[in-house]
Amino acid sequence: MKRYQGMVFSQARKAFLTEEEAEDFTQEVFIQTYESLSKFRGESQFSTWLFQIARFRLTKVFKKKKLPIADWQEDISFVADKTGPSVVEILDKEETSHTLRSLISKLPKSYRMPILLHYFENKPLKEIALDLNIKLNTIKSHISRGKDLLRKWWSHEIEG
């Protein structure tokens, strides 16, 4: 515990508003880790396994409270609200990806296609305009409007 306490606490401190909450969370992670020691197979470093326990526990806590979780892993900044705080995401990458793709699938096709081509296939805007036979400014507008819808929907997903 002495060896890894700082690592878990520093990550918990990023996620919780108070130091007390971070301390409580850290203690809970170590209790769960101790109770799960027989399941550690040694296929990864102990610190990796411990961090994974902390991540899953944090996800569970925040889902139960229906609170947003600050991302430790991945950036989906194109959904971020530029006027508000930094991107608020769910820690679990698969769930984040699934939620984001689900929201994108709900977009009108005129917004969805440019967003998919630009952000997921890394195509330049000019190439997308040529491929879809749409003016460049229209592509920019569709992406902007699509991102606005995604931001709105994303905030509703996070808030529950």
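Hydrogens, waters and symmetry mates play no part in the numbers below; they use all other heavy atoms, side chains included.
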Those residues that, when tested against Gln27, pass side chain to side chain contact (heavy atoms under 4.5 Å, CB included) (two or more places apart):
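Result, side chain to side chain contact (heavy atoms under 4.5 Å, CB included) vs Gln27: Ile31.
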Under the side-chain hydrogen bond (donor to acceptor under 3.5 Å, both in side chains) test, which residues partner Glu23, sequence neighbours left out?
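Once residues adjacent in sequence are excluded, Glu23 has no partner under the side-chain hydrogen bond (donor to acceptor under 3.5 Å, both in side chains) criterion.
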Partner set under side-chain hydrogen bond (donor to acceptor under 3.5 Å, both in side chains) for Arg41, not counting sequence neighbours
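With neighbours one apart ignored, the set is Glu43.
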Salt bridge (Lys or Arg N to Asp or Glu O under 4.0 Å) partners of residues 127-139, not counting sequence neighbours, each pair once
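Pairs touching residues 127-139 that pass the test: Lys123-Glu127, Lys123-Asp131.
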Residue pairs passing the salt bridge (Lys or Arg N to Asp or Glu O under 4.0 Å) test where at least one lies in residues 24-33, sequence neighbours excluded:
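Passing the test, one end in residues 24-33: Glu28-Arg57.
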[atom2] on [Y] to [atom1] on [X], rounded to 0.5 Å:
{"X": "His142", "Y": "Leu132", "atom1": "NE2", "atom2": "CG", "result": "10.0 Å"}
{"X": "Leu125", "Y": "Leu117", "atom1": "CG", "atom2": "CG", "result": "10.5 Å"}
{"X": "Ser144", "Y": "Asn137", "atom1": "OG", "atom2": "CG", "result": "11.5 Å"}
{"X": "His118", "Y": "Ile139", "atom1": "NE2", "atom2": "CD1", "result": "10.5 Å"}

Tell me, please, which residues at least two apart from Asp148 pass salt bridge (charged side-chain N to carboxylate O under 4.0 Å, His left out).
Arg151
Side chain to side chain, Trp153 and Ile104, heavy atoms closer than 4.5 Å:
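The answer is no; the side chains never approach within 4.5 Å.
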I want to check something: taking the side chain as every heavy atom from C-beta on, are Phe30 and Leu50 in contact at a cut-off of under 4.5 Å?
yes
Chi angles and distances behind the side-chain contact (heavy atoms from CB on, under 4.5 Å) call for Val29, Tyr34
CA-CA 9 Å; Val29 166; Tyr34 177 77; over 6 Å; no
Between side-chain atoms of residues 107-114 and protein atoms elsewhere (two or more places apart, or another chain), which donor-acceptor pairs fall under 3.5 Å?
unit_1 : atom_1 : unit_2 : atom_2 : d
Arg112 : NH1    : Ser105 : O      : 3.3
Arg112 : NH1    : Leu107 : O      : 2.8

Flag yes if Leu136 and Tyr119 sit in one hydrophobic cluster, no otherwise; membership is Ile, Leu, Val, Met, Phe, Trp, Tyr, and two members link when side-chain heavy atoms are under 4.5 Å apart.
yes
Evaluate the criterion side-chain contact (heavy atoms from CB on, under 4.5 Å) for residue pair Ile53 and Val8; output intermediate values, then yes/no.
CA-CA 10 Å; Ile53 289 173; Val8 174; over 6 Å; no
